[in-house]
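This report concerns only the one structure given below.
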Amino acid sequence: MPDLAHDSPKPKVIPGAKSDWELVIGLEVHAQVASNAKLFSGASTLFGAEPNSNVAFVDAAMPGMLPVINEFCVAQAVRTGLGLKAQINLTSAFDRKNYFYPDLPQGYQISQLYHPIVGEGEVIVDMGPGIARRVRIERIHLEQDAGKSIHDLDPTMSFVDLNRTGVALMEIVSRPDIRGPEEAAAYVAKLRQIMRYLGTCDGNMQNGNLRADVNVSVCRPGDYERYQATGDHSVLGTRCEIKNMNSLRFIQQAIDYEARRQIAILEDGGRIEQETRLYDPDKGETRSMRSKEEAHDYRYFPCPDLLPLEIEQAWVDDIAASMPELPDAKKARFVEGYGVTEYDAGVLTAEAENAAFFEEAAKGRDGKQAANWVINELFGRLNKEGKTIGETPVSARQLGGVLDLLASGEITGKMAKDLFEILWTEGGDPAEVAAARGMKQVTDTAAIEKALDDLIAANPEQVEKAKVNAKLAGWFTGQVLKATGGKANPAVVNQMVAQKLGL
Ligand code: ADP
Ligand code: MG
């Protein structure tokens, strides 16, 4: 299988008034574990349920209630770690992160500060054919989500919904290896894609399934290379953290704004204060939320209600054995096995279901032609009608049937499109529909020749004109196609016209 060779993209350079600047970005992505039950209780995680209907006693922090770890959630974190080629820690532990908020009835969040379940890994972020950024993963830890405070339902009161309280999150922490807004968005998209392949997170950003805290700093050209060579963070600029972003577009806008804000301060001789900021999409700006808090502000300590989490290598191996083919491998295989371009392979493998559809339609056929049909006709049509691949009226088998009729020369490209249209709206077996509708390319050269001979005999002056100006021979081709009801192969007709007129 080919390793798609990649060059690193150049970092985004932002010209300031006094010098050039570069961006340095690190992301902390909170991915909701795809699990029906919460991390430490059996309560449902169903989105959109009646407020406060999915709350176990432990989620509501009733006195004396104890958390019980959900093995399935642990397995999902391990699976995600394996998908990011990361180290799996057989021993990890839970800590209490203490803070008060009305939607956090325990008064602390159970998280994993000191001993996360997953250690170092990496993600390859595609930035165009042949260009990719390698982003190192520092760690993934498991933690509980908080509930939801609702401030805009009543002028005098706030409401609290504890349905989300205790839902399992994987916090995926990157190294500061991301060098521009587009890369940040592409990184989140790639994580989402990998987790959707793995089935460990639905990645529904609108529902808050996937949210990112975006750390942004700026530095002078050369500083980042020095950090890479030495591992010394202090050569980088001071960062600000933009909290809780759940839109790829807003992530990019917020980074752009933040870069300009920081550069303006620095060029003015000021200093960046490390702080937490919020992005306001209506105003297109970030605002200070609070100054940076340190680990000790949270009085972290090992959670006394939970034993250290010990997992066995054999269990990890079982999970590893059940891993699906991941996007990078699938993409490389499509390029090699079906001869499609890297770009097309990227489109075809965006979602596992799309890739499976393509493979079923392409197997044993011309891969490039199958890719064109799947991307242009099928995906194009699905997009236009706002349908997902699961809702396609034309199955992979049906599309394969159309491709077979095309490949054998039984129908023309134009007929194939008409046939696809009929299958889309009315369904049916491609070969039967084509036969019933009289869609059959005339490959019988005798029939074509007869039509052409008649034309030539009836139009001597057109023949003379075409002999002087070869472009006018197209008239004959058009007439023959017309006479055969569009069923003749244009290339065959063209060739015959040229031959008969001696062109
Ligand atoms: P802390 O322990 O203070 O939370 P971390 O080292 O864990 O800091 O980093 C948190 C996030 O901030 C990580 O995703 C990391 O990549 C990112 N980060 C660290 N330093 C910088 C920097 N100078 N610029 C941008 N992002 C950074
Ligand atoms: Mg940190």
Side-chain angles (χ1 to χ4, degrees), residues 11-14 21-31 84 86 95 97-99 109 111-123 125 133-143 169-188 190-191 210-245 251-252 254-263 265-266 271-277 279 286 289-300:
K12 175 163 181 158
V13 175
I14 305 165
W21 297 88
E22 287 180 8
L23 271 166
V24 174
I25 301 160
L27 263 62
E28 296 160 283
V29 169
H30 297 264
L84 305 186
D95 305 297
K97 179 181 185 180
N98 297 280
Y99 65 98
Q109 177 191 29
S111 180
Q112 298 189 304
L113 177 68
Y114 301 108
H115 304 287
I117 184 159
V118 177
E120 293 189 346
E122 68 170 41
V123 175
V125 183
R133 172 79 65 199
R134 179 171 165 265
V135 177
R136 293 168 299 163
I137 300 298
E138 183 185 318
R139 58 190 278 156
I140 305 176
H141 57 259
L142 274 169
E143 63 184 27
L169 300 179
M170 299 177 277
E171 179 169 338
I172 305 167
V173 183
S174 86
R175 298 272 182 205
D177 288 347
I178 298 161
R179 307 304 312 281
E182 299 79 16
E183 279 181 32
Y187 166 77
V188 175
K190 186 65 178 274
L191 275 184
L210 195 64
R211 328 191 277 269
D213 297 342
V214 183
N215 296 273
V216 181
S217 68
V218 294
C219 65
R220 302 288 169 91
D223 286 346
Y224 182 79
E225 286 70 23
R226 225 163 304 152
Y227 152 68
Q228 274 208 315
T230 60
D232 177 9
H233 272 93
S234 68
V235 300
L236 297 175
T238 302
R239 70 177 189 269
C240 289
E241 177 177 3
I242 313 161
K243 274 274 178 217
N244 238 341
M245 308 284 300
I251 286 175
Q252 298 183 64
I255 293 171
D256 270 328
Y257 175 85
E258 192 54 24
R260 277 185 279 118
R261 186 187 72 86
Q262 293 184 15
I263 291 168
I265 292 174
L266 292 169
R271 282 183 43 205
I272 304 300
E273 298 298 333
Q274 190 171 333
E275 62 184 359
T276 303
R277 301 179 69 86
Y279 180 65
T286 64
M289 182 180 159
R290 55 173 186 249
S291 65
K292 167 70 185 173
E293 66 288 343
E294 304 284 347
H296 61 247
D297 294 326
Y298 289 111
R299 301 290 188 270
Y300 274 100

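What you see is a predicted model; the values in this text were computed from it and never measured. Whatever order the structure lists them in is the order used to number ligands and atoms, beginning at 1. Heavy atoms only: backbone and side chains are in, while hydrogens, waters and symmetry mates are out.
Near V24, meaning under 4.0 Å from one of its heavy atoms, ligand 1 places the atoms 24 (N), 25 (C). Applying the 4.0 Å criterion to heavy atoms of V173 picks out, from ligand 1, the atoms 13 (C), 14 (O). Close contacts between ligand 1 and G237 involve ligand atoms 23 (N) [criterion: under 4.0 Å to a heavy atom]. Atom numbering of ligand 1 starts at 1 in the shown order; those under 4.0 Å from a heavy atom of L27 are 14 (O). Set against the non-hydrogen atoms of L236, the atoms of ligand 1 under 4.0 Å away are 23 (N). Interface of H233 with ligand 1, defined as ligand atoms under 4.0 Å from a residue heavy atom, comprises 20 (N). Atoms of ligand 1 found under 4.0 Å from any heavy atom of R175 (numbered from 1 in listed order, with element): 16 (O).
Using cut-offs of 30° and 60° on the angle between ring planes, the pair Y114 and Y300 is perpendicular.
Inspection of the R299 and N98 side chains reveals no N or O donor paired with an N or O acceptor under 3.5 Å.
Inclusion of N215 in the set of residues having an N or O under 3.5 Å from an N or O of ligand 1 is warranted. Considering backbone and side-chain atoms alike, I25 places every N or O at 3.5 Å or more from each N or O of ligand 1. An N or O contact shorter than 3.5 Å links S174 to ligand 1 by distance.
Judged by distance alone, the side chain of T276 and the main-chain N or O of M289 form no donor-acceptor pair under 3.5 Å. At distances below 3.5 Å, at least one donor-acceptor pair connects side-chain atoms of Q112 with backbone N or O atoms of L142.
A 4.5 Å side-chain heavy-atom check between V135 and L27 finds every atom pair outside the cut-off. Taking the side chain as every heavy atom from C-beta outward, Y187 and S174 approach each other to under 4.5 Å. Residues W21 and L266 are in side-chain contact: their nearest non-hydrogen atoms beyond the backbone lie under 4.5 Å apart.
Nearest to atom 22 (C) of ligand 1 by heavy atom, out of A212, S217, C240, is S217. For atom 1 (P) of ligand 1, the candidate residues are E294, R239, E241; the nearest heavy-atom contact is made by R239.
For R271, the CZ atom is loosely surrounded, since the number of other residues' heavy atoms within 6.0 Å does not exceed 12.
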